[in-house]
Undergrad: 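This structure is in structure tokens; I'll ask about it shortly.
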Amino acid sequence: MENLQLRTFADYKKAYKKSTKDPEAFWEGIADTFTWQKKWDKTLEWDFEKPEVKWFQGGKLNITENCLDRHLEKLGNKTAIIWEPNDPDEESRYISYRQLFVKVSRFANVLKNNGIKKGDRVCLYMPMIPELAIAMLACARIGAVHSIVFAGFSSAAIARRINDSECKMLITANEVYRGAKKVNLKEICDKALEETPSIESVIVYRRTVEPTAMKDGRDKFWFDELQKAEKDCPAEEMDAEDMLFILYTSGSTGKPKGMVHTVGGYMVGTTYTFQNVFQLEKDDVYWCTADIGWITGHSYIIYGPLASGATTVMFEGVPSYPDYGRFWEICEKLKVTHFYTAPTAIRSLAKQPLKFVERHDLSSLKVLGSVGEPINEEAWHWYNDNIGKGNCPVVDTWWQTETGGIMISPLAGITPTRPTFATLPLPGVQPVLMDEQGEEIPHTNEPVEGRLAIKFPWPSIARTIYGDHDRYKEVYFSTFKGKYFTGDGAYRDASGNYRITGRVDDIVIVSGHNLGTAAIENAIDEHEAVVESAVVGYPHEVKGNALYAYVILYNDIEPSEELIKEIREIVANTVGPIAKPEKIQFVSGLPKTRSGKIMRRILRKIASKDTENLGDTSTLLNPEIVDEIMADFKA
Ligand code: WT7
């Protein structure tokens with residue numbers, strides 16, 4: 001394993017130049033440092049109009065050989081995963097690379113014993129425990145495709161995702177601790193399983209001693225299955241372009257998009273970006289607070305860090321339990337050097353008395369990271385001053401589920417940081433800003449604003465939407481011909497630093513969670529009293545954005561608090577509790593264009609209390625509705 005870290009700003013500039021002049025040679029040099037069973041024949045084949053992207057074709061590898069086997073000789077005893085439980089009185093677990101290798105191999109045989117083969121899809125709905133990491137790596141070991149569903153999602157959301165990719169197996173836990181609460185995951189799964197004909201078996205990890213209802217012939221305990229499994233499991237030979245995993249993300253229609261990532265490019269991309277953005281040294285302890293159910297956890301708790309031979313922390317709990325000092329307590333206890341979290345967490349912790357920070361020794365910290373949404377100036381400074389004590393570079397990392405890895409970010413200690421700016425593109429990333437006419441805005445010394453697109457493929461780009469390549473084309477490659485459209489707006493300063501300004505489509509980022517408003521509207525519309533609804537985001541102090549729902553009721557229905565509760569409940573049950581609208585306003589109509597499209601721009605402005613300039617409303621089908629909605633606005 002070679003170190004891929006750039007060391008100086010000059011190194012960065014040189015690498016960036018090379019990566020745009022000759023991207024293939026650039027990525028070949030990096031890919032060469034990995035373990036391949038067979039070297040690739042063709043570095044890159046691409047066409048953003050088709051669209052199609054293939055990296056390292058003909059190459060054979062297994063990502064787990066790169067995350068585990070290749071470290072055994074030199075780093076076998078090094079800690080791969082430190083697990084910190086929800087309850088601070090329960091013991092942490094330290095798992096070395098060798099132990100992880102053994103556990104993964106054995107569980108891979110459990111998968112095989114239960115009929116899972118290369119290419120089969122396996123759904124994981126699990127708490128943040130090491131067994132989640134073990135299960136995902138075990139899938140990768142045998143070439144099964146994992147589809148991890150965040151363990152805060154509802155039964156309906158699980159069922160929908162399982163059915164979309166026809167998963168054969170579901171792996172879950174009986175219960176999960178989340179702060180002072182205990183949630184019965186198995187019950188949620190059982191409800192989902194009523195509607196998932198493709199599932200043949202369910203493996204249940206016992207996180208608690210509570211009795212668990214098991215269905216004969218289908219449900220098996222993790223531990224029992226392990227007893228029956230062989231120890232050794234050779235790594236399946238995978239093609240670089242074979243699927244590694246599917247991860248669902250919200251779309252602007254109600255249906256989630258199953259983003260497909262492939263083995264070779266994803267490995268190369270996440271590992272390179274991990275090492276360069278975070279700049280770990282040999283004995284550092286890296287902690288990303290995300291859940292593995294999101295892309296951040298896939299790329300920067302598991303694959304990137306493990307392929308780099310790093311020590312990665314997994315935390316089961318929440319930042320507020322047993323009190324708001326938990327993150328800082330863990331940093332002190334584990335001597336965390338690299339801490340990567342989301343702006344929403346920073347804002348909610350910044351609201352607490354500073355004593356929660358001050359009572360802990362944070363001197364081990366070297367680098368701080370932020371991801372998930374734009375970080376506002378105030379939160380940036382609070383983080384930098386109180387957590388980093390002004391000594392830790394803050395890397396604001398912009399990327400997406402679709403990009404697989406970090407795209408725009410400072411490299412810690414190497415390239416300059418600037419509050420609220422994700423700054424410069426990583427080597428290999430070619431961002432462009434597009435104007436209203438869909439033309440590329442040239443790079444000059446003028447600050448400019450536009451829609452953010454990428455004009456050249458990078459190795460970890462998602463290859464398709466599972467089962468729906470047309471939608472992949474439509475969503476990402478049809479807005480600007482020959483370019484990948486991110487859905488984000490951005491500002492670029494005179495030195496080429498990017499600041500991401502937010503989504504320009506119907507996705508809202510709430511507390512760092514990517515939510516499609518259409519899915520929430522569909523849920524609300526399921527209520528029998530509801531005719532139609534429109535959901536928009538508005539700025540929120542802690543969550544970044546919160547959701548505001550405008551709801552039309554049937555004529556004979558009286559608005560009530562009870563209805564508001566029911567609507568929120570429906571959303572929680574169909575999409576998940578994180579999608580519950582903060583505010584619900586009953587309206588008699590929604591502003592529509594003559595072709596019947598809801599004018600969300602106007603609704604967004606009203607919800608954001610930004611009504612000075614609503615733009616021209618006269619072209620609406622029903623302009624009078626705007627005044628009515630404004631008059632009843634829920635502050
Ligand atoms: C969207 C992608 C990438 C992992 C977490 C979210 C927003 C993400 C930043 C940032 C400003 C950001 C964008 C992006 N976003 N990071 N550093 N600054 N905005 O992944 O759920 O796929 O969401 O999150 O709007 O498009 P995701």
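Every number for a ligand or one of its atoms is a count from 1 in the order of the listing. The shown structure was predicted, so the numbers you read here are calculated from the model rather than taken from an experiment.
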Undergrad: So with a 6.0 Å cut-off around CD of Glu378, is the heavy-atom count from everything else above 12?
TA: no
Undergrad: Purely on distance, is any nitrogen or oxygen of Gln400 under 3.5 Å from one on ligand 1?
TA: yes
Undergrad: Are any of the N/O atoms in Ile295 less than 3.5 Å from those in ligand 1?
TA: no
Undergrad: Quick one: OH on Tyr498 to CG on Leu433, what's the gap to the nearest 0.5 Å?
TA: 5.0 Å
Undergrad: Answer with side chain, backbone, both or neither: which part of Thr403 has a heavy atom less than 4.0 angstrom from an atom of ligand 1?
TA: neither
Undergrad: Do the ring planes of Phe315 and Trp287 sit parallel (below 30°), tilted (30 to 60°) or perpendicular (above 60°)?
TA: perpendicular
Undergrad: Out of Arg503, Glu373, Met259, whose heavy atom sits nearest atom 19 (N) of ligand 1?
TA: Glu373
Undergrad: Starting from atom 1 (C) of ligand 1, locate the nearest protein heavy atom and write down its residue, its atom name and how far away it is, to 0.1 Å.
TA: Ile509 CD1, 3.6 Å
Undergrad: Salt-bridge test for Glu541 and Arg347: reply yes if a basic N is under 4.0 Å from a carboxylate O, no otherwise.
TA: no
Undergrad: With heavy atoms under 4.0 Å as the rule, classify the contact between Thr397 and ligand 1 as side chain, backbone, both or neither.
TA: backbone
Undergrad: Is Asp488 salt-bridged to Arg503, cutoff N-O under 4.0 Å?
TA: yes
Undergrad: Hey, does the Lys NZ or Arg CZ of Lys13 hover above the aromatic six-ring of Phe9, less than 6.0 Å from the centre and inside 45° of the axis?
TA: yes
Undergrad: Starting from atom 25 (O) of ligand 1, which protein heavy atom do you reach first, and at what distance in Å?
TA: Asp488 OD1, 2.7 Å
Undergrad: Can the ring centroids of Tyr266 and Trp55 be said to lie less than 6.0 angstrom from one another?
TA: no
Undergrad: For atom 17 (N) of ligand 1, which of the options Val395, Val508, Asp396 provides the nearest non-hydrogen atom?
TA: Asp396
Undergrad: Below 4.0 Å from any atom of ligand 1, is there a heavy atom belonging to Gly372?
TA: yes
Undergrad: Does Thr401 approach ligand 1 within less than 4.0 angstrom via side chain, backbone, both or neither, non-hydrogen atoms only?
TA: both
Undergrad: Does a side-chain N-to-carboxylate-O contact under 4.0 Å join Glu440 and Lys483?
TA: yes
Undergrad: For atom 21 (O) of ligand 1, which of Thr296, Asn514, Leu247 has the closest heavy atom?
TA: Asn514
Undergrad: Note the single closest protein heavy atom to atom 2 (C) of ligand 1, along with its residue, its atom name and the distance in Å.
TA: Trp399 O, 3.7 Å
